[in-house]
**Student:** 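One structure, as structure tokens, below. Some questions next.
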Amino acid sequence: MKIVYTRPKCLKPVPNHYCPGCGHSIIHRLICELVDEMNMRGRIICIPPAGCAVLAYNYFDFDVCESAHGRGCAIATGFKRAQPDRIIFTYQGDGDMAAIGTAETLHAANRGEKITSIFVNNAVYGMTGGQMAPTTMIGQKTTTSPYGRRTEVEGYPLKITELIATLPGAAYVVRTSLANPAKIRETKKAIKKAFEVQMAGAGYSLVEVLSPCPTNWKVSPREAFAYLEEKMEKEYPIGVMKDYTAKKDK
Amino acid sequence: MAAKGKITINQGLCKACELCLTVCPDEAIRLSEGLNEKGYHPAETAKDSCKGCALCAVMCPEAAIEVCRG
Amino acid sequence: MKGTDALGEAAIRAGCRCYFGYPITPQNEVPEYMSRRMQEVGGVFLQGESEIASINMVLGAAASGMRAMTSSSSPGISLKQEGLSFLAALELPAVIVNINRGGPGLGNIAPSQGDYYQATRGGGHGDYRMPVYAPAYVQELYDITMKSFDVADLYRTPVMILGDGMMGQIVEPIYLHERPDVEIPPKDYILDGAENRPSRIIKSLILDPVEMEEHNWKLKRKYDLMAHELPEWEEFMTNDAKLTIIAYGTAARIAKGAVKRARSEGLKVGLLRPITLWPFPEEAIRNLAKKTKLFLVFEMSTGQMIDDVRLAVEGKVPCEFYGRPGGVVPIPQEIARIIERYWLQKEL
């Protein structure tokens with residue numbers, strides 16, 4: 001018998017702090033698989049967010065630099081401009097990416113910074129205990145939208161990925177989901193392509209990953225994955241929004 | 001004859017989210033009666049029906065499952 | 001050479017190869033100069049989308065091992081405070097220039113010293129200190145800018161250069177020397193990919209209070225070392241001075257003129273000019289307190305540095321204050337009149 005699936009080398013052999021059924025740890029694993037497979041450990045630098053994934057450095061066995069909340073893309077810009085031959089990626093949650101860090105994100109994308117952002121959208125602030133996120137869905141109850149998100153009070157779910165897809169500096173923009181093993185495999189492919197786009201120097205690449213937060217959605221992991229597919233993917237349709245390589249083919 | 005598979009679960013990492021059970025097409029995984037250090041009933045092999053499809057490992061948030069096939 | 005250009009040239013010659021900043025008056029000549037020069041020396045110039053973004057770009061470049069800087073003016077420096085706290089916490093070297101303008105709020109764009117508290121008290125959150133230099137002459141601005149990068153690297157700390165529009169705009173002849181030889185220890189903390197080495201982490205999150213406390217004390221030991229090694233000041237005719245003015249930056253230039261006037265009239269007046277605002281040259285002031293009869297603190301604010309003077313003097317000598325906030329720049333005669341008034345009033 002041969003081993004067909006095993007824990008990636010770059011994922012430190014330690015238990016993680018994430019809740020049962022959390023999507024972060026799946027995405028961490030996918031990134032680590034790619035770092036192993038693409039032999040990137042010696043030239044990759046990760047900038048994790050403030051949020052649940054702030055502790056990513058406890059799990060990633062490659063270089064990691066902390067960021068203040070929302071500043072990932074600015075710090076990544078500093079890294080990339082200083083070291084253009086390195087692979088720089090931000091790992092950001094919805095609050096980090098689409099609320100407090102909107103300006104940093106949009107402008108990095110618009111400059112065509114040759115960096116990659118992995119944007120984990122679970123429609124809620126996880127680390128702080130389940131408050132409303134910019135991506136919280138209409139009607140969704142959170143600890144700061146206890147009556148459900150009302151558009152007349154809290155506005156609409158922010159689709160920053162669609163927004164970024166309109167920017168000329170963005171070379172590859174895609175939304176994926178973790179709802180089932182096939183979609184998880186698609187997510188890995190998308191992240192791989194995002195890194196390749198960066199290495200090709202084509203511009204900014206962004207992978208938004210719809211991810212479950214069973215704890216703050218107050219459901220079981222099984223129910224969370226069902227909700228992901230049935231509800232979140234309706235509000236946030238998955239698929240490629242921009243791909244510079246597709247354009248070249250035409 | 002269908003491929004034969006074998007999974008090894010690192011029970012110390014398991015948080016009993018049951019996602020592996022959900023995706024396993026062969027009902028080869030169940031939660032154990034016992035508790036691990038974290039206080040979860042970790043996943044374990046249920047019966048000898050595994051074909052090594054690795055869906056459980058793709059799903060596992062803890063990267064706790066190793067899959068062999070052959 | 002103009003102050004802002006001297007500053008930019010000194011940074012380039014100090015090996016600064018990354019500049020990130022956002023336009024704000026009265027310091028726009030700095031990014032303008034850097035945008036030209038960085039291109040010539042193969043460095044990075046990038047106009048960020050905000051001061052917040054710019055200081056974080058500096059952070060990324062500093063964590064890459066590059067000499068990096070940003071510049072701004074008061075309202076912009078307020079926005080950079082988050083980044084300053086992180087740079088201090090992460091022990092990353094960087095140079096930050098504040099061309100202080102009138103405030104609070106938008107204020108105006110005239111020379112002011114209203115940011116003294118913000119600069120010396122750690123305007124960002126948390127228990128940190130940061131060296132602050134206040135040059136008063138273009139040559140000194142050049143020298144200090146060059147030195148700031150070494151201080152930043154030697155102590156792994158952000159360093160602030162605090163000037164004002166006057167300092168930036170003034171034109172004086174200077175000697176453009178090359179960077180003096182200073183041995184900088186190898187930067188074994190930078191992130192450049194974990195090729196053939198263990199992976200590295202740059203972080204400030206320390207959840208365990210005992211560990212956090214250890215980190216705080218570790219930083220404190222570094223701050224104590226800086227407080228011991230870095231203080232700089234200039235004394236002018238202080239030896240026999242009965243009245244000693246304490247002023248920094250532009251205010252000190254004006255005060256020097258006033259001291260000369262007073263001396264020509266036979267009044268024994270001197271000037272102590274702090275060059276580092278943090279660490280504050282308290283030892284020098286304490287020594288003068290043994291000789292002088294009166295300290296007169298002159299600031300282009302409503303009185304901020306006077307707190308540090310009083311702490312240093314410990315009540316041994318009276319401390320009076322004269323201030324012109326809001327961007328008003330008094331002429332030396334005005335300060336000379338104040339000197340005369342105190343001279344008579346206190347029967348010196």
Side-chain angles (χ1 to χ4, degrees), chain A residues 9-10 12 17 32 35 39-51 54-88 90 100-111 113 115 127, chain C residues 16-20 22 38 42-70 79-87 89-90 92 94 124-125 189-207:
Chain A
K9 280 199 198 74
C10 277
K12 293 180 189 170
H17 73 290
C32 287
V35 173
N39 199 18
M40 296 189 289
R41 183 179 179 275
R43 57 201 166 115
I44 199 163
I45 300 160
C46 172
I47 296 117
V54 65
L55 296 171
Y57 45 67
N58 287 342
Y59 316 123
F60 291 158
D61 185 22
F62 42 83
D63 283 1
V64 178
C65 182
E66 178 188 275
S67 64
H69 197 21
R71 314 297 174 225
C73 283
I75 294 175
T77 297
F79 269 107
K80 190 70 181 189
R81 297 283 175 137
Q83 307 180 79
D85 59 343
R86 296 299 191 269
I87 302 156
I88 315 291
T90 67
I100 197 166
T102 311
E104 285 79 357
T105 305
L106 282 181
H107 284 275
N110 192 47
R111 284 192 302 268
E113 289 297 339
I115 59 172
M127 179 74 116
Chain C
C16 173
R17 287 296 177 271
C18 284
Y19 175 96
F20 305 97
Y22 185 83
M38 279 300 184
V44 175
F45 170 87
L46 185 62
Q47 182 170 319
E49 64 271 22
S50 71
E51 284 89 350
I52 301 173
S54 301
I55 189 89
N56 281 288
M57 291 171 186
V58 166
L59 193 154
S64 299
M66 298 283 272
R67 288 197 152 181
M69 73 175 291
T70 184
L79 287 173
K80 290 186 194 290
Q81 294 303 329
E82 173 194 78
L84 287 178
S85 170
F86 274 77
L87 286 166
L90 301 172
L92 291 174
H125 62 281
Y189 55 88
I190 63 165
L191 305 185
D192 56 355
E195 184 74 49
N196 300 320
R197 63 160 171 81
S199 54
R200 290 179 186 151
I201 299 167
I202 291 183
K203 69 175 185 106
S204 66
L205 180 76
I206 306 172
L207 291 170

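Order of the sequence lines fixes the chain letters, A, B, ..., with proteins taken first and strands second; residue numbering starts at 1 for each chain. Hydrogens, waters and symmetry mates are skipped; everything else that's a heavy atom, side chains included, is used.
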**Student:** Non-hydrogen atoms of chain A under 4.5 Å away: do they reach the side chain of Ser85(C), the backbone, both or neither?
**Tutor:**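 Neither part; nothing is under 4.5 Å.
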
**Student:** Between Glu66(A) (side chain only) and Leu205(C) (backbone N and O only), is there a donor and an acceptor less than 3.5 Å apart?
**Tutor:**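 Yes: the side chain of Glu66(A) pairs with the backbone of Leu205(C).
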
**Student:** Let's test your reading of the structure: which of Pro198(C), Ala62(C), Ser204(C), Gly43(C) forms the most heavy-atom pairs below 4.5 Å with chain A?
**Tutor:**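 The answer is Ser204(C).
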
**Student:** With a 4.5 angstrom heavy-atom cut-off, could you sort out which part of Leu55(A) is near chain C: side chain, backbone, both or neither?
**Tutor:**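 Leu55(A) touches chain C through side-chain heavy atoms alone.
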
**Student:** Find the one option among Ile202(C), Val44(C), Ile201(C), Leu191(C) whose heavy-atom pairs under 4.5 Å with chain A are most numerous.
**Tutor:**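 Ranked by heavy-atom pairs under 4.5 Å with chain A, first place is Leu191(C).
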
**Student:** I'd like to know if the side chain of Thr70(C) and the backbone of Phe20(C) have a donor-acceptor N/O pair within less than 3.5 Å.
**Tutor:**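 Checking the backbone N and O of Phe20(C) against the side chain of Thr70(C), a donor-acceptor pair under 3.5 Å is found.
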
**Student:** Ile115(A) and side chain to side chain contact (heavy atoms under 4.5 Å, CB included): which single residue from Ile87(A), Ile75(A), Ile88(A), Ile47(A) fits?
**Tutor:**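 By the side chain to side chain contact (heavy atoms under 4.5 Å, CB included) criterion, Ile115(A) pairs with just one of Ile87(A), Ile75(A), Ile88(A), Ile47(A): Ile88(A).
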
**Student:** Select one option (side chain, backbone, both, neither) describing which atoms of Ile45(A) are under 4.5 Å from chain C's heavy atoms.
**Tutor:**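 Just the side chain, heavy atoms under 4.5 Å.
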
**Student:** With chain C, which of Arg111(A), Arg43(A), Met40(A) has the greatest number of heavy-atom pairs at distances under 4.5 Å?
**Tutor:**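 Most heavy-atom pairs under 4.5 Å with chain C: Arg111(A).
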
**Student:** Looking at Arg86(A) and Asp192(C), would you say the former's side chain and the latter's main chain have a donor-acceptor pair under 3.5 Å?
**Tutor:**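 Yes, because the side chain of Arg86(A) sits within donor-acceptor range (under 3.5 Å) of the backbone of Asp192(C).
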
**Student:** Quick one, Arg41(A) with Lys9(A), criterion side chain to side chain contact (heavy atoms under 4.5 Å, CB included). Give me CA distance, side-chain angles, the key distance, then yes/no.
**Tutor:** CA-CA 10 Å; Arg41(A) 183 179 179 275; Lys9(A) 280 199 198 74; over 6 Å; no

**Student:** Is it the backbone or the side chain of Arg197(C) that comes under 4.5 Å from a heavy atom of chain A, or both, or neither?
**Tutor:**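 Both backbone and side chain.
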
**Student:** What distance separates Leu46(C) CG from Thr77(A) OG1, expressed to the nearest 0.5 Å?
**Tutor:**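 OG1 of Thr77(A) is found 7.0 Å from CG of Leu46(C).
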
**Student:** Which of residues 52-60 of chain C get closer than 4.5 angstrom to chain A, counting heavy atoms alone?
**Tutor:**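 Under the 4.5 Å heavy-atom cut-off, Ile52(C), Ala53(C), Asn56(C), Met57(C), Leu59(C), Gly60(C) qualify.
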
**Student:** About how many Å separate CD1 of Ile44(A) and CG of Asn39(A), when rounded to the nearest 0.5 Å?
**Tutor:**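 It is 11.0 Å, given to the nearest 0.5 Å.
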
**Student:** Could you label the plane-to-plane angle of the His125(C) and Phe86(C) rings as parallel, tilted or perpendicular, counting under 30° as parallel and over 60° as perpendicular?
**Tutor:**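 Answer is perpendicular, since the angle exceeds 60°.
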
**Student:** Please say which of Phe62(A), Tyr59(A), Phe60(A) ends up in a side chain to side chain contact (heavy atoms under 4.5 Å, CB included) with Cys10(A).
**Tutor:**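 Of Phe62(A), Tyr59(A), Phe60(A), side chain to side chain contact (heavy atoms under 4.5 Å, CB included) with Cys10(A) is met by Phe62(A) alone.
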
